[in-house]
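One-based numbering along the sequence shown.
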Amino acid sequence: MSLRVEFLFGADSDLQNIFGQFEEYWEGFGVEFMAVVDAYLVRIAAFPEIAPIYFENVRRQVIRRFPYGIFYEPHATRIVIVAILDLRQEEEQILRRLRR
């Protein structure tokens, strides 16, 4: 049984911005990124504890082929996507974003 996946507003904005940047760089690259993210979200919904804990109750799933991570919180009935962030930035910047 898979859990429902919900995006916080900031995480939805992250995803839209990344998609736009990739599409601007190379048409179709954003679509490819979204397909990879969708596959990870299905996996996370089915196996919520698959990724390691990164900060407090937030887990980080590294996205292969892309320098991004899906940061999420598993709950009993749902998965909350907190952020989708570029992993090349300083760890303190990532932690600041997750503390909000």
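In this structure, CZ on F66 lies 10.0 Å from CD1 on I18, to the nearest 0.5 angstrom. To the nearest 0.5 Å, the span separating CD on E32 from CZ on R65 amounts to 4.0 Å. Taken to the nearest 0.5 Å, the CZ atom of R4 stands 10.5 Å off from the CD1 atom of I79. Rounding to the nearest 0.5 Å places CD1 of I81 at 8.0 Å from OH of Y72. Annotation: the span from I84 atom CD1 to R60 atom CZ amounts to 14.0 Å, rounded to 0.5 Å. One finds the CD1 atom of I44 at 12.5 Å from the CD atom of E49 (value rounded to the nearest 0.5 Å).
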side-chain contact (heavy atoms from CB on, under 4.5 Å) assessment of D14 paired with Y68: CA-CA 11 Å; D14 293 338; Y68 287 86; over 6 Å; no
side-chain contact (heavy atoms from CB on, under 4.5 Å) assessment of F22 paired with E27: CA-CA 7 Å; F22 282 152; E27 188 174 340; over 6 Å; no
F33 and F19: CA distance, side-chain angles, deciding distance, ring-ring contact (aromatic ring centres under 6.0 Å, His included) verdict: CA-CA 7 Å; F33 175 76; F19 172 80; 8.5 Å; no
Steps toward side-chain contact (heavy atoms from CB on, under 4.5 Å) verdict (R88, D86): CA-CA 6 Å; R88 296 171 294 183; D86 189 331; 2.7 Å; yes
Candidate pair I94 and E90, rule side-chain contact (heavy atoms from CB on, under 4.5 Å), full reasoning: CA-CA 7 Å; I94 293 172; E90 294 291 326; over 6 Å; no
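In the displayed structure, R99 atom CZ is contacted under 6.0 Å by more than 12 heavy atoms of other residues, nucleotides or ligands. Within a 6.0 Å sphere centred on CD of E92, heavy atoms belonging to other residues, nucleotides or ligands number more than 12.
Put simply, F47 and V36 are part of the same group of oily side chains (I, L, V, M, F, W, Y) that touch within less than 4.5 Å, one to the next. Residues I53 and V62 fall into different hydrophobic clusters, defined by Ile, Leu, Val, Met, Phe, Trp and Tyr side chains chained together at heavy-atom separations under 4.5 Å. The hydrophobic clustering, which links ILVMFWY residues whose side-chain heavy atoms are closer than 4.5 Å, places F9 and L98 apart. By the rule that hydrophobic residues join a cluster once side-chain heavy atoms approach within less than 4.5 Å of another member, V58 and L95 end up as members of one cluster. Placement of I50 and V5 within a single hydrophobic cluster is found when ILVMFWY residues are connected by side-chain heavy-atom separations under 4.5 Å, directly or transitively.
Side-chain contact between Y54 and E91 is present, with heavy atoms from C-beta onward closer than 4.5 Å. Looking at heavy atoms from C-beta onward, R59 lies out of side-chain contact with P52 at the 4.5 angstrom threshold.
Using a distance-only test at 3.5 Å, with no hydrogens or angles considered, no donor-acceptor pair links the side chain of E73 to the main chain of N57. In this structure, the side chain of E23 engages the main chain of G28 through a donor-acceptor pair within 3.5 Å.
The two atoms that bring L3 and T77 nearest to each other are CD2-C, 3.9 Å, heavy atoms only. Of all heavy-atom pairs spanning R97 and A11, the tightest one is NH2-N, 3.8 Å.
Ion pair D38/R43 not flagged as a salt bridge, since none of the NZ, NE, NH1 or NH2 atoms sits closer than 4.0 Å to an Asp/Glu carboxylate oxygen.
For Q16 and D12, the side-chain atoms include at least one donor-acceptor pair closer than 3.5 Å.
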